Amino acid sequence: MKHFLEISQLSKQEAWHLINRAMSFKTQSTDVSYPHISLANLFYENSTRTRVSFELAAKRLQMHVTNLDLQFSSECKGEALQDTINTLGAMGVSLMVIRHSQDGLPQKLAAHVDAGVHIVNAGDGKNAHPSQALLDFMTIIEHKPDLSALKIAIVGDIAHSRVANSLQCLSALLGVGQLMLVAPQIWQPENPQYGIVTDSLEEGLAGADVVICLRIQKERMDASESLDLTRYREAFALTKTTLTHAKPDAMLMHPGPINRGVEIDSDVADGSQSYILHQVQNGVFMRMAILEALVHQ
Ligand code: CP
């Protein structure tokens, strides 16, 4: 794997390799070490989980890590991102983890970098968040391994969600039995890659094995999109009552950050069905597997 950009670049075998390798990092002591490899985190959008977990993953693999402080980088003096990457590459940084608001930017950069540089997509605009989808599936498979028998519901602001895109792609690749995409009409995907679209939370959650709740991404809305939060909550919020439409043992997941009292209630986010912190924990192991696969290409 030269770069890690999209789920669509992976074969089914490669996706399973990453999931199984992440599980072995979780259950066994780390048997590999890459002290000669340097990684740079370049986050042009806010992040807690993804940035810190790539840093921890690299450090557990004995890599050297630089978190570029973009407020003080030479891009403030007009340097292009491409030149920043070439500059870091000239210093020996080979892994560039990039989060950016522009759809497709990591993919464009990957087409022009030097041979020894690997681009890692840590979330680009509304397009893709492939490491999040993989860690989500790792979490599901740990508890409900027969994906073909599962009904998974993704609920919320699907139109603005790079996580939802990557989850659809991975659901198709790994053969999820049924995927429901539950959203108000304004936030339904224009071209769903996989799954059935509905604006009925009851229909979407009926008998679901896994419920993945999404944050309302106000930062990606344009001026024409108005939000009536009260109406949204009545129809789509994950509450103790609405969650009863799913199976009693349904896994409740959320990629984070969660907005309590908006798309999800605290007693659900902190309840016995919540796997939100399991997802966060698995993020470190999944990112170890991704970094290892890049170094081994
Ligand atoms: N899920 C996710 O990408 O979270 P962060 O924005 O905190 O990285």
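A quick note: this is a predicted structure, and the numbers were derived from the prediction, not measured. Counting starts at 1 for both ligands and their atoms, in listed order.
Minimum heavy-atom separation, N165 to Q193: O-NE2, 3.4 Å. Closest non-hydrogen pair, I37 versus S94, comes out as CG2-OG, 3.7 Å.
The side-chain heavy atoms of L42 and M96, taken from C-beta on, include a pair separated by under 4.5 Å.
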Enumerate the pairs of nitrogen or oxygen atoms, one from ligand 1 and one from the protein, separated by less than 3.5 angstrom; state names and distance to 0.1 Å.
{"from": "ligand 1", "atom 1": "1 (N)", "to": "Q132", "atom 2": "OE1", "distance (Å)": "3.0"}
{"from": "ligand 1", "atom 1": "1 (N)", "to": "P255", "atom 2": "O", "distance (Å)": "2.8"}
{"from": "ligand 1", "atom 1": "1 (N)", "to": "G256", "atom 2": "O", "distance (Å)": "3.2"}
{"from": "ligand 1", "atom 1": "3 (O)", "to": "T50", "atom 2": "OG1", "distance (Å)": "3.0"}
{"from": "ligand 1", "atom 1": "3 (O)", "to": "R99", "atom 2": "NH2", "distance (Å)": "2.8"}
{"from": "ligand 1", "atom 1": "3 (O)", "to": "H129", "atom 2": "NE2", "distance (Å)": "2.8"}
{"from": "ligand 1", "atom 1": "4 (O)", "to": "R49", "atom 2": "NE", "distance (Å)": "3.0"}
{"from": "ligand 1", "atom 1": "6 (O)", "to": "R99", "atom 2": "NH1", "distance (Å)": "2.8"}
{"from": "ligand 1", "atom 1": "7 (O)", "to": "T48", "atom 2": "N", "distance (Å)": "2.8"}
{"from": "ligand 1", "atom 1": "7 (O)", "to": "R49", "atom 2": "N", "distance (Å)": "3.0"}
{"from": "ligand 1", "atom 1": "7 (O)", "to": "R49", "atom 2": "NE", "distance (Å)": "3.1"}
{"from": "ligand 1", "atom 1": "7 (O)", "to": "R49", "atom 2": "NH2", "distance (Å)": "3.1"}
{"from": "ligand 1", "atom 1": "8 (O)", "to": "S47", "atom 2": "OG", "distance (Å)": "2.6"}
{"from": "ligand 1", "atom 1": "8 (O)", "to": "T50", "atom 2": "N", "distance (Å)": "2.9"}
{"from": "ligand 1", "atom 1": "8 (O)", "to": "T50", "atom 2": "OG1", "distance (Å)": "2.6"}
{"from": "ligand 1", "atom 1": "8 (O)", "to": "R99", "atom 2": "NH1", "distance (Å)": "3.4"}
{"from": "ligand 1", "atom 1": "8 (O)", "to": "R99", "atom 2": "NH2", "distance (Å)": "3.3"}

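For E202, the CD atom is loosely surrounded, since the number of other residues' heavy atoms within 6.0 Å does not exceed 12.
Formation of a donor-acceptor pair under 3.5 Å by the N121 side chain with backbone atoms of G123 is found in this model.
Using a 30° and 60° split on the angle between ring planes, H100 and Y44 fall in the tilted class, from 30° to 60°.
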